[in-house]
Amino acid sequence: MPTLSSPPPTPTAARGAHDDRADTAFTRRALLRKAGLAGGTVLVLSAGGISYRAYDNGVLTAGDGGAYAAWEEWEAGSGPSALVSAAILAANPHDTQAWLFRITGSSIDLFADRARSLGSIDPFGRELVTGLGCALENLMQAAPANGYRATLRLTPTPSDPVHVARVSLAPGPRRRGALYRAIPDRHTARSAYAERPVAPAALAGMGALAAGLPGARVHWFDSQGDRARIGALMVAAARAVVADAQQSRDGFVWFRSSADEIQKRKDGLTLDAQGLSALTTAVAKLLPASSRSAGDRFWVDQTRKTQTRTAAAYGIVTVPDARDDAARLTGGRLLERIHLWTAANGLALQHMNQMTECADRELELGRPPRFGDALRTLIPEGGGEPLVAFRIGHAAGGEGRRRSPRRPAREVIA
Amino acid sequence: MSSRDGGRFGAARIDAVTAPLALVGSALGVAAGLLELTIGPSIRDWVGDKRDTTSLGLATTLLAAVALLATFELRRPRPRGEGHRVAVAIGLLVPALVCFTTVGRLWDVPGALLTAAGALVLSTTGREEYRRAFDEPHWRSGLLVLCGSFYIVLGATAAGVGGALGVIGGVLIWAVARKAPAGPGRRNALLLLGVLPFTLLTWWSVATPLLAIVTLLVGQGVIRDARTGTADSRWDRSSQAA
């Protein structure tokens with residue numbers, strides 16, 4: 001009887017179909033396995049690339065190595081060179097370290113290294129010389145700590161703006177003051193500050209640091225209205241600086257974007273010192289170095305969203321004549337004393353000089369004095385001329401104050 | 001004499017030239033590492049201006065020691081097994097190339113010698129040996145060894161406890177790649193022990209969490225390979241017994 005069912009497949013046909021399916025399955029499985037292996041290889045190589053980038057750009061070793069050794073070894077020396085080791089840890093514009101020292105038997109001479117100028121950012125050397133004043137203050141603080149009685153003579157003249165000071169040394173009683181002890185803890189804090197006012201007594205205490213510094217004063221702006229007004233000026237000035245292509249370029253050349261560059265040059269602005277969180281700093285180091293325009297945008301954003309928004313108070317150091325180098329040196333000494341005082345008393349400070357940078361640039365190019373006038377209106381009649389500005393407050397996180405690179409004393413002693 | 005025998009004879013002759021090259025290169029490499037460790041800060045121009053010449057010296061010495069080990073393996077009369085020559089070539093080339101990227105001028109001579117030696121070994125390795133060396137389980141183990149090496153390099157550059165955990169973690173990952181501990185449970189535990197402490201301590205670095213994910217993925221593959229291999233060999237034994 002015939003059946004409707006198909007005849008049973010021959011063993012050969014059955015084996016053939018099975019083999020085809022098996023072959024297809026094998027091929028597909030093999031292909032998937034190969035693809036998985038290739039994908040794994042790509043992943044491992046990518047992880048290797050990221051690991052290498054992390055190693056090469058010092059993600060895990062921020063603030064270490066020869067470029068930062070000066071912060072560790074500052075008290076290791078003896079004699080006059082120990083004073084220079086303290087001086088080089090001073091605040092200075094863009095970490096340009098525009099200083100040179102000469103040590104003779106009983107004196108230390110300080111010279112301006114004008115080749116390290118900020119160019120169009122600081123066309124008249126205001127910040128450069130103020131930074132030298134900061135170094136002088138550290139040196140003067142270090143003198144009694146090392147058993148010297150120091151006598152300072154400011155020597156800049158229009159005919160010789162390079163030799164700016166001579167410190168004569170004589171044996172004296174050994175005394176380590178609070179400001180001296182704060183030297184290795186003084187760092188610029190660019191991060192957000194806590195919403196906490198700075199006590200009026202603290203402001204008064206810092207104002208009193210001007211004692212013995214003829215003509216130098218600090219003016220405080222801690223009311224909400226003043227902070228808003230100065231904050232808006234700071235943001236406008238930051239925008240003006242980045243809009244000026246020359247100023248933007250002159251600032252960018254001092255940005256050190258790789259760990260090797262930091263170790264080689266031992267100066268300049270670094271990602272580590274930008275006050276970013278550890279995570280953000282790591283991401284920024286892993287990514288390719290940012291362009292000038294990206295760096296400019298970042299600075300303006302930080303100024304607007306973080307720095308001016310969280311400033312507890314602004315301070316402006318004034319001197320009788322902000323164009324006079326001797327007055328700038330004296331104003332720089334006051335600025336450094338204030339910064340050391342904040343370090344010794346748990347406060348944070350950030351130098352913010354975009355307003356004076358814009359004012360000087362206006363003067364250089366003969367533009368209407370928009371920022372120059374704004375600065376003058378901030379200071380009461382008879383209060384002197386604005387030299388430099390800064391914000392203070394209580395640092396909100398640990399990432400606020402990070403060390404900046406330094407050329408060791410032996411590299412700056414002529 | 002067959003062409004294959006002729007190839008082996010040629011390889012032996014070339015090895016007679018390669019081995020001294022590799023020996024001198026790795027010995028100079030070790031010397032470079034020791035120089036970095038001892039007088040590194042005084043010769044920063046020669047060591048790529050590295051911030052931490054101690055870490056660099058340790059890493060250079062370690063990598064040069066790997067190259068030295070590969071040199072001794074090259075001189076071994078009987079190969080250890082499949083992929084022996086490929087492993088030797090990798091042992092010469094990886095230290096040479098890694099140090100080229102970071103050590104500076106001090107590595108120019110040892111790096112050139114090791115690269116030449118590694119290239120000579122590769123050029124005299126047979127196709128069949130390449131095929132065996134790069135089969136799937138070997139490949140996965142090799143990837144895991146690489147991951148362990150990345151841990152060691154990152155650990156060597158990180159300071160303090162974190163750095164030590166990175167180096168130890170890398171060695172533990174190597175042990176998993178070598179299928180040192182018995183049983184998948186122990187291998188998994190060892191893998192986690194190698195990966196997690198350093199990663200947790202440096203989570204913010206981005207690099208170590210990413211590396212941890214990749215290492216765990218590859219590590220699982222290696223552990224599965226080992227388990228399958230064990231199961232297969234058991235099955236083989238039971239089949240033979242039947």
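Side chains included, hydrogens not; waters and symmetry mates left out as well; all remaining heavy atoms used. Order of the sequence lines fixes the chain letters, A, B, ..., with proteins taken first and strands second; residue numbering starts at 1 for each chain. Just so it is clear, the structure is predicted and the values come from calculations on it, not from any experiment.
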Inset, instruction - Side chain from CB out, backbone as N, CA, C, O: work out which of these in Tyr52(A) comes under 4.5 Å of a heavy atom of chain B, or both, or neither. - result: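 The side chain, not the backbone.
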Legend entry - Per-residue contact mode, Leu286(A) against chain B (heavy atom under 4.5 angstrom):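 Contact with chain B involves the side chain of Leu286(A) alone.
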Legend entry - Separation of Leu279(A) CG from Trp203(B) CH2 (nearest 0.5 Å):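 Atom-to-atom, Trp203(B):CH2 and Leu279(A):CG are 5.0 Å apart.
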Legend entry - Nearest-0.5 Å distance that lies between atom CD1 in Ile50(A) and atom OG1 in Thr208(B):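 With rounding to 0.5 Å, CD1 (Ile50(A)) is 11.0 Å from OG1 (Thr208(B)).
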Legend entry - Contacting moiety of Leu217(B), where chain A heavy atoms sit under 4.5 Å: side chain
Legend entry - chain A contact via Thr101(B) - side chain, backbone, both or neither, heavy atoms under 4.5 Å: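 Backbone plus side chain of Thr101(B), per the 4.5 Å heavy-atom cut-off to chain A.
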Legend entry - Greatest number of heavy atom pairs closer than 4.5 Å to chain B - which of Ala47(A), Gly48(A), Ser51(A):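 Of Ala47(A), Gly48(A), Ser51(A), Ser51(A) has the most heavy-atom pairs under 4.5 Å with chain B.
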So which heavy atom on [X] is nearest to which on [Y], and how close?
X	Y	answer
Leu56(B)	Tyr55(A)	CD1-OH, 3.6 Å
Val59(A)	Ser205(B)	CG1-CB, 3.7 Å
Val44(A)	Cys147(B)	CG2-SG, 3.9 Å
Ala54(A)	Ala207(B)	CB-CB, 3.7 Å
Gly40(A)	Leu143(B)	C-CD1, 4.0 Å

Inset, instruction - Go through Leu210(B), Leu154(B), Ile213(B), Val98(B) and name the one with the most non-hydrogen pairs under 4.5 angstrom from chain A. - result: Leu154(B)
Inset, instruction - Please examine the side chains of Leu60(A) and Phe198(B), heavy atoms only from C-beta on, and report whether any two atoms are closer than 4.5 Å. - result: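 Phe198(B) reaches Leu60(A) side chain to side chain.
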Crowded around [X] [atom1]? As in, over 12 foreign heavy atoms under 6.0 Å?
X	atom1	answer
Arg105(B)	CZ	yes
Arg292(A)	CZ	yes
Arg249(A)	CZ	yes
Glu411(A)	CD	yes

Legend entry - Inter-chain contacts: residues 71-83 of chain A against chain B, heavy atoms under 4.5 Å: none
